[in-house]
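Structure first, commentary second.
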Number of protein chains: 2
Amino acid sequence: MDIVSIYKCLCDRQRLRILNLLKDGPLCVCHLMEILGADQVKVSKQLRYMKELGMVDAERQAQWMVYRLADDQIPLLTENLKCLQDCAGEGVVFRKDLQKRKQLVKRLDAASPLRAIACHC
Amino acid sequence: MDIVSIYKCLCDRQRLRILNLLKDGPLCVCHLMEILGADQVKVSKQLRYMKELGMVDAERQAQWMVYRLADDQIPLLTENLKCLQDCAGEGVVFRKDLQKRKQLVKRLDAASPLRAIACHC
DNA sequence: TATCAATATGCATACGATGGTATATGCGGT
DNA sequence: ACCGCATATACCATCGTATGCATATTGATA
């Protein structure tokens, strides 16, 4: 994959937020939607975009599609993801996303352990 | 400056090449044109773009405009520039650019030391 | 001041990415 | 077989950004 494609992917805030979330583990589309407060189509399209680039992998779990960072990591990507939370000013958004993620996982565990497992959180 | 703007800047191959060249020291527009094999308008506009972003600074030297990486480096940018030459496959382009740069400097030194100095190469 | 070289800018156009709506697919449960 | 939920896709409008051409600006030199 060429460098320019990677940077093109990174130059959208929502894609960055998604990658940042997936860095902590797989998530299904509906949970991404909830955390990001975004609509289904948008999230779905961006995931497809990143899947075609080879940045993320998708796996079906019952009716959910679970997305994760691709197994064969791209060093350039990995390095850039590392520093998202430390980014001056903007790091807040990324840190908050990860907090929301934790809350979500807790809630799912309490309400329906099975579903939490199914969704790989 | 926000992350997205930085990545937007990085997602153009020619801008990357320019930044890579400036990492080794200042250059004027005509030398950039020569090394990149690009036309004046394009180079000039991309430099302006990067100047407005705060990535590069410009200084007039007689009739030449000499561009350099901005004094107050942006960490995210610095880190990304570091690995350009090592990028799988594509690193070649960036390495070749730096070679061309060296040849250019040599030639200028031989032909006209004064001009070489004026152009800060 | 006329002129040339180096560089910048304005404007029109084209292209690619993005967003929205509607619709399709795939799976589980009844 | 049907329905509902989760997700994907097609299609179209839109908008940002790059590109090309023409022209303006700036500094040096005669």
Side-chain angles (χ1 to χ4, degrees), chain A residues 2 4-18 22 26-53 56-68 104 108 111-112 114-121, chain B residues 2 4-18 22 26-53 56-68 104 108 111-112 114-121:
Chain A
D2 69 314
V4 172
S5 306
I6 299 176
Y7 286 131
K8 270 190 183 155
C9 175
L10 298 181
C11 69
D12 176 279
R13 170 163 284 99
Q14 185 149 298
R15 279 196 293 264
L16 278 175
R17 290 174 72 189
I18 291 176
L22 294 185
L27 280 173
C28 65
V29 181
C30 58
H31 293 157
L32 281 169
M33 288 169 59
E34 182 181 333
I35 298 175
L36 300 171
D39 66 290
Q40 187 262 318
V41 176
K42 202 177 170 194
V43 174
S44 194
K45 278 183 185 171
Q46 289 177 325
L47 286 167
R48 182 191 182 190
Y49 178 108
M50 294 192 277
K51 191 180 162 200
E52 281 175 357
L53 265 187
V56 303
D57 287 334
E59 188 194 355
R60 188 149 219 136
Q61 301 272 352
Q63 60 233 273
W64 297 283
M65 282 295 265
V66 179
Y67 284 86
R68 75 189 68 236
L104 181 90
L108 288 178
S112 141
L114 278 176
R115 187 169 173 208
I117 291 164
C119 284
H120 277 252
C121 326
Chain B
D2 69 314
V4 173
S5 306
I6 298 176
Y7 286 131
K8 270 193 183 154
C9 174
L10 298 182
C11 68
D12 176 278
R13 171 162 284 100
Q14 186 151 297
R15 280 197 292 264
L16 277 176
R17 290 174 72 189
I18 292 176
L22 294 184
L27 280 173
C28 65
V29 181
C30 57
H31 293 157
L32 281 169
M33 287 169 59
E34 182 181 334
I35 297 175
L36 299 171
D39 65 290
Q40 187 262 319
V41 174
K42 203 175 169 194
V43 174
S44 193
K45 281 183 179 169
Q46 289 178 325
L47 286 167
R48 183 194 181 188
Y49 176 107
M50 295 193 276
K51 191 180 162 198
E52 281 174 358
L53 264 187
V56 303
D57 287 335
E59 189 194 356
R60 189 151 218 131
Q61 301 271 353
Q63 61 235 271
W64 297 283
M65 283 295 265
V66 179
Y67 285 86
R68 74 189 70 234
L104 180 90
L108 290 176
S112 144
L114 278 176
R115 184 166 175 210
I117 290 164
C119 285
H120 276 255
C121 325

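Quick note on labels: first sequence line is chain A, next is B, and so on, each numbered from 1. Hydrogens, waters and symmetry mates are skipped; everything else that's a heavy atom, side chains included, is used.
- No side-chain heavy atom of B:Val56 sits under 4.5 Å from any side-chain heavy atom of B:Ile18.
- Rounded to an integer number of Å, the gap from A:Met65 CE to D:dA8 C1' is 9 Å.
- To the nearest 0.5 angstrom, A:Arg68 atom CZ is 7.5 Å from A:Asp57 atom CG.
- Heavy-atom nearest nucleotides on DNA chain C were determined for B:Ala58 and for A:Lys8, and the one closer to the 5' end corresponds to B:Ala58.
- Interface remark: the B:Gln40 side chain does form a donor-acceptor pair with the C:dA8 base, using a distance-only criterion of under 3.5 Å.
- At whole-Å resolution of the value, NE2 in A:His31 and P in D:dA6 are 9 Å apart.
- Rounded to a whole Å, the CG atom of A:Leu32 is 10 Å from the P atom of D:dA8.
- Here B:Arg15 reaches the OP1 or OP2 of D:dA18: one of its side-chain N or O atoms lies under 4.0 Å away.
- Interatomic distance, A:Met33 CE to A:Cys28 SG, rounded to the nearest 0.5 Å: 10.0 Å.
- Rounded to whole Å, the distance from CE on B:Met50 to P on C:dT7 is 15 Å.
- Put simply, OH on B:Tyr49 is 8 Å from C1' on D:dT17, counting in whole angstrom units.
- Using a 4.5 Å cut-off on side-chain heavy atoms (C-beta onward), A:Val43 and A:Gln14 make contact.
- The list of side chain to side chain donor-acceptor pair (under 3.5 Å) pairs with a residue in residues 32-43 of chain A, not counting sequence neighbours, reads A:Glu34-A:Arg107.
- In this structure, the CD atom of A:Glu34 is 16 Å from the C1' atom of D:dC5, given to the nearest Å.
- Side-chain N or O atoms of A:Arg15 include one that pairs as donor or acceptor with a backbone N or O of A:Lys8 at under 3.5 Å.
- Contacts between residues 41-48 of chain B and DNA chain D, defined by a heavy-atom separation under 4.0 Å, are made by B:Val41, B:Lys42, B:Lys45.
- Relative to the side chain of A:Tyr67, the nucleotides C:dT18, D:dA8, D:dT7 differ in distance, and D:dA8 lies closest.
- Atom pair A:Trp64:CH2 and D:dG4:C1' shows a separation of 13 Å (rounding to whole Å applied).
- The line from CG of B:Leu22 to CE of B:Met50 is 6.5 Å long, rounded to the nearest 0.5 Å.
- Heavy-atom distances to DNA chain C give each of A:Cys11 and B:Met33 a nearest nucleotide, and the one nearer the 5′ end belongs to B:Met33.
- Minimum atom distance to the side chain of B:Asp39 is reached by D:dG20, of the listed D:dG20, C:dT18, D:dA18.
- For B:Asp12 and D:dT17, the CG to P distance is 13 Å, given to the nearest whole Å.
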